Amino acid sequence: VVNRNQEVIASAITNLDLHDLARLTCTYDLPACYVVTPLRDQQDLAHQLIAHWCNGVGKRLHPHRGQALERLRIVDDLPRVLQGIQAEWGAPPVVWASSAQPQPAALCHGEARRQLQGAASGASSPRLLLLGTAWGLAPKVLAGVDAVVAAIPGCSGYNHLSVRCAAAVLVDRLLDPGRAG
Ligand code: SAM
């Protein structure tokens with residue numbers, strides 16, 4: 001991801017993101033949510049949190065949290081995400097990125113949803129929806145994906161959502177079979 005000066009950085013993990021992305025993943029029955037960070041201390045923090053709710057005292061107090069958090073996978077980098085998906089699904093994923101900025105030739109949400117519905121009904125590659133943190137995904141990452149899904153426009157001219165909010169809106173838009181357009 002990049003920082004406010006457009007320098008490539010690794011951002012810190014936000015505890016809230018882990019909880020909310022895990023709940024989203026579980027609610028929409030997505031197989032997994034990969035959290036990418038090369039920073040060892042951030043990985044340790046995430047593993048501690050997951051262990052607390054999946055195995056530790058947290059499991060006894062709130063069993064449902066563990067049920068969601070066990071879908072999180074903590075990895076060093078994007079190639080490891082692709083390897084993990086390939087190992088689990090037998091094919092590399094089609095990668096869709098997201099950004100708050102308008103992108104040339106963005107994949108509109110309706111078309112993305114139709115592609116997913118087609119994929120669900122036949123043998124097809126898995127899909128990876130890639131979101132950034134900080135000031136967004138690095139240009140090199142955006143340039144390497146199969147498509148960038150259209151930005152969520154909002155209603156006010158301001159559309160810079162937190163990653164957990166953007167994930168929830170996009171997943172609902174892309175997976176809701178009753179949605180038109
Ligand atoms: N300024 C950044 C950008 O232009 O993408 C916003 C970064 S935001 C804190 C974290 C991530 O949430 C973004 O990298 C993007 O994946 C997603 N995101 C935030 N707002 C979005 C929007 N309106 N439409 C689509 N994705 C959004």
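Heads up: numbering here begins at 1 and tracks the sequence. In each ligand, atom 1 is the first atom listed, and ligand 1 is the first ligand listed. The structure presented is a predicted model; accordingly, all values stated were derived computationally and were not measured.
In terms of heavy atoms, Ala112 sits closest to Leu174 at CB-CD2, 3.7 Å. Nearest heavy atoms, Val36 versus Leu78: CG1-N, 4.0 Å.
Checking only distances, Gln101 does come within under 3.5 Å of ligand 1, N or O to N or O. Geometrically, ligand 1 and Leu170 share no nitrogen or oxygen pair separated by less than 3.5 Å. Checked by distance only, ligand 1 and Ala150 stay at 3.5 Å or farther apart across all their nitrogen or oxygen atoms.
The structure places CG of Leu128 at 6.5 Å from CG of Leu82, a figure rounded to the nearest 0.5 Å. Interatomic distance, Arg65 CZ to Leu49 CG, rounded to the nearest 0.5 Å: 9.5 Å. Taken to the nearest 0.5 Å, the CG atom of Leu18 stands 12.0 Å off from the CZ atom of Arg23. Put simply, CG on Asp17 and CG on Leu24 are 11.5 Å apart, with the number rounded to the nearest 0.5 Å.
Taking every heavy atom of Ser98 and a limit of under 4.0 angstrom, the matching atoms of ligand 1 come to 15 (C), 16 (O), 17 (C), 26 (N). Within ligand 1, the atoms closer than 4.0 Å to a non-hydrogen atom of Asn159 are 20 (N), 21 (C), 22 (C), 23 (N), numbered from 1 in the order shown. Less than 4.0 angstrom separates some heavy atom of His160 from each of these atoms of ligand 1: 1 (N), 2 (C), 4 (O), 6 (C).
Side-chain atoms of Arg114 and Gln117 include no donor-acceptor pair closer than 3.5 Å.
The protein heavy-atom contact nearest to atom 19 (C) of ligand 1 is Leu161 O, 3.2 Å. Protein heavy atom closest to atom 2 (C) of ligand 1, with residue, atom name and distance, is Trp135 O, 3.3 Å. Remark: minimum distance from atom 5 (O) of ligand 1 to any protein heavy atom is reached at Ala100 N, 3.0 Å. Closest protein heavy atom to atom 24 (N) of ligand 1: Ile152 N, 2.8 Å.
Panel note: side chain Asn3, backbone Asn5; a donor-acceptor pair is recorded below 3.5 Å.
Selection from Gly132, Ala166, Pro102 by nearest heavy atom to atom 14 (O) of ligand 1 gives Gly132. By heavy-atom distance, the residue among Ser99, Ala134, Ala151, Ser11 lying nearest atom 9 (C) of ligand 1 is Ala134.
Partners of Ala12 by side-chain contact (heavy atoms from CB on, under 4.5 Å), not counting sequence neighbours, listed by chain and number: Gln42.
Using 4.0 Å as the threshold, Ala167 has no heavy atom nearer than that to any atom of ligand 1.
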